[in-house]
Amino acid sequence: MGHYDALNNNSVKKYAFHNLNKHLHSFEEDFFYHLYLGKNQNDLKAMFGDVKFVCMGGTSKRMQKFAHYMKDLLGYRIPTGLTLNDITKLTDRYSMYKVGPILFANHGIGCPSLSILLNEIMKLLHYAGCEDLTFFRIGTCGGIGVEPGTVIFTEEAVDGLLRPEYRQYVLGKEKIRETQCDRELIKELLEISQEMKVGQKFNVVTGKTMCAHDFYEGQSRIDGVFCDYTQEEKLEFLKQCNEKGVVNMEMESLCFAGMLNFAKTRFGIVCVALLNRLENDQITVSNDMIMEFQERPFEIIGEYIRRRIVEN
Ligand code: R2B
Ligand code: URA
């Protein structure tokens, strides 16, 4: 039985992802161009077979920082003077780090960039024979009616028309995938936040996340290159969204939730608000503050992952 057969025989292994492409098993070769890794070029089972958690966020530096944070939290050591290796260093589209059973990758900005990364990482983890995976998106966002620095767990991602639907156009037809998030996981993360008393340092809220395909007009900003609405109209729209349960805006949650729901894979989306959009459009907090804000989700997700690793 070949490597691939072993991974696709239900009696031998459970699937990490559901609804997988039925053509995959017929490919002799599968090269993940944006990661510069391949099914035949790399021993994926040896490199990634133990992965249980996948943490994604926009920037490569933030993901490297989180990887180091988790290395320290778990008490793993690397030789003095050395740093964690970027697994995708042959390409500069995305960076990827691994600390024990945790894989870290930066997805860039927006759903198309995230979708490419998810396609390649999910196939890679499938070929590696991984099981029982949990994915996290750890991001930044604009808050609506919340203080800058607030950490937000997404309950449901919605599009610019407030629909909880991720749309793909495939062969000239619309495909819609659901974008609800795992309530059980959110509950666990809230319990951890309470136990860790993070509330003494920052607020934690849950709600709907509006996923835009743009940072400016798409997020009702007044300061983009185009804008044909007034400040009052902008505020009215944001307040209406807020009344319907939307607490933040960012640019990847629809795709993250849509793809992972379709694959029936556990996932959570946690973002920190860099500003309150009812007060501001421009991000004016200092760089030091942004760095501090961005690490807030590390504490909660890090502790969740630490507990799951220790329990096993
Ligand atoms: C949050 O921040 C980025 C835009 O600045 C985008 O990736 C997002 O979702
Ligand atoms: N990221 C976004 O997409 N929007 C914001 O307002 C801040 C960060």
Side-chain angles (χ1 to χ4, degrees), residues 34 55-66 93-95 104-118 135-160 162 166 179 181 202-203 205 207-225 227 229 231 234-235 237-239 241-242 246-260 267-287 289-298 301:
H34 303 86
C55 298
M56 295 184 170
T59 75
S60 144
K61 278 194 190 146
R62 179 150 38 91
M63 287 301 102
Q64 188 189 34
K65 230 174 175 182
F66 191 31
R93 289 281 184 195
Y94 302 101
S95 295
F104 302 84
N106 76 299
H107 55 55
I109 294 187
C111 288
S113 179
L114 170 64
S115 161
I116 292 171
L117 181 73
L118 276 176
F135 281 62
F136 287 107
R137 163 165 148 70
I138 294 163
T140 57
C141 64
I144 306 181
V146 300
E147 245 177 71
T150 301
V151 170
I152 298 163
F153 296 120
T154 302
E155 290 176 349
E156 176 177 273
V158 295
D159 69 8
L162 293 173
Y166 172 51
T179 56
C181 300
F202 52 86
N203 296 327
V205 305
K208 293 182 191 172
T209 296
M210 182 179 280
C211 178
H213 298 318
D214 165 49
F215 186 81
Y216 290 99
E217 274 184 312
Q219 294 188 26
S220 332
R221 280 188 154 82
I222 286 285
D223 58 348
V225 65
C227 180
Y229 42 86
Q231 171 77 4
K234 171 195 98 175
L235 282 176
F237 175 69
L238 291 178
K239 281 182 188 150
C241 291
N242 195 223
V246 178
V247 286
N248 61 341
M249 280 191 189
E250 45 77 272
M251 299 180 64
E252 294 83 18
S253 55
L254 272 184
C255 170
F256 199 76
M259 286 183 69
L260 291 166
F267 70 91
I269 302 175
V270 188
C271 293
V272 66
L274 301 184
L275 75 168
N276 177 1
R277 290 298 314 289
L278 297 183
E279 287 170 0
N280 228 339
D281 285 342
Q282 300 239 318
I283 298 171
T284 50
V285 285
S286 69
N287 201 42
M289 257 338 242
I290 292 182
M291 292 301 137
E292 199 263 299
F293 283 177
Q294 287 185 5
E295 292 189 19
R296 291 180 174 182
F298 293 3
I301 303 301

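None of these values were measured; they are calculated from a predicted model. Counting starts at 1 for both ligands and their atoms, in listed order.
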- Compute the shortest N/O to N/O distance between Glu250 and ligand 2 and return yes if it is under 3.5 Å, no if not. no
- Query: In terms of residue, atom name and distance, what is the protein heavy atom nearest to atom 4 (C) of ligand 1?
  - Reply: Phe215 CD1, 3.8 Å
- Item | ligand 2 atoms in contact with Cys141 (distance to a heavy atom under 4.0 Å) | 1 (N), 5 (C), 7 (C), 8 (C)
- Which residue owns the protein heavy atom closest to atom 7 (O) of ligand 1, what's the atom, and how far is it? Glu252 OE2, 2.7 Å
- Query: For atom 3 (O) of ligand 2, what is the nearest protein heavy atom, given as residue, atom name and distance?
  - Reply: Gln219 NE2, 2.9 Å
- Message: If we ignore hydrogens and angles and just use 3.5 Å, is the side chain of Asn106 paired with the main-chain N or O of Ser95 as donor and acceptor?
- Response: yes
- Query: Should Met251 be counted as touching ligand 1, given the test is an N or O pair under 3.5 Å?
  - Reply: yes
- Item | ligand 1 contact on Met249 by region, counting heavy-atom pairs under 4.0 Å | neither
- Query: Would you say Leu275 contacts ligand 2, with heavy atoms under 4.0 Å as the rule?
  - Reply: yes
- Considering only the protein, which heavy-atom contact is closest to atom 5 (C) of ligand 2, and what is its distance? Gly142 N, 3.3 Å
- Note on the structure: So the atoms of ligand 1 within less than 4.0 Å of a heavy atom of Glu250 turn out to be 9 (O)
- Message: Taking distance alone, with N or O pairs closer than 3.5 Å, would you say Thr140 contacts ligand 1?
- Response: yes
- Item | His107, His213, Gln219, Met210 screened by side chain to side chain contact (heavy atoms under 4.5 Å, CB included) with Met251, the one that passes | Gln219
- Message: Using a 4.0 Å cut-off to any heavy atom of Arg137, which atoms of ligand 1 qualify?
- Response: 9 (O)
- Residue Gln282 excluded, over 12 heavy atoms near CD under 6.0 Å: no
- Message: Does the structure place the NZ or CZ of Arg137 under 6.0 Å from the centre of the six-membered ring of Phe267, at an angle of no more than 45° from the ring's axis?
- Response: no
- shortest atom 6 (O) of ligand 2-to-protein heavy-atom contact is with Arg221 NH2, 2.7 Å
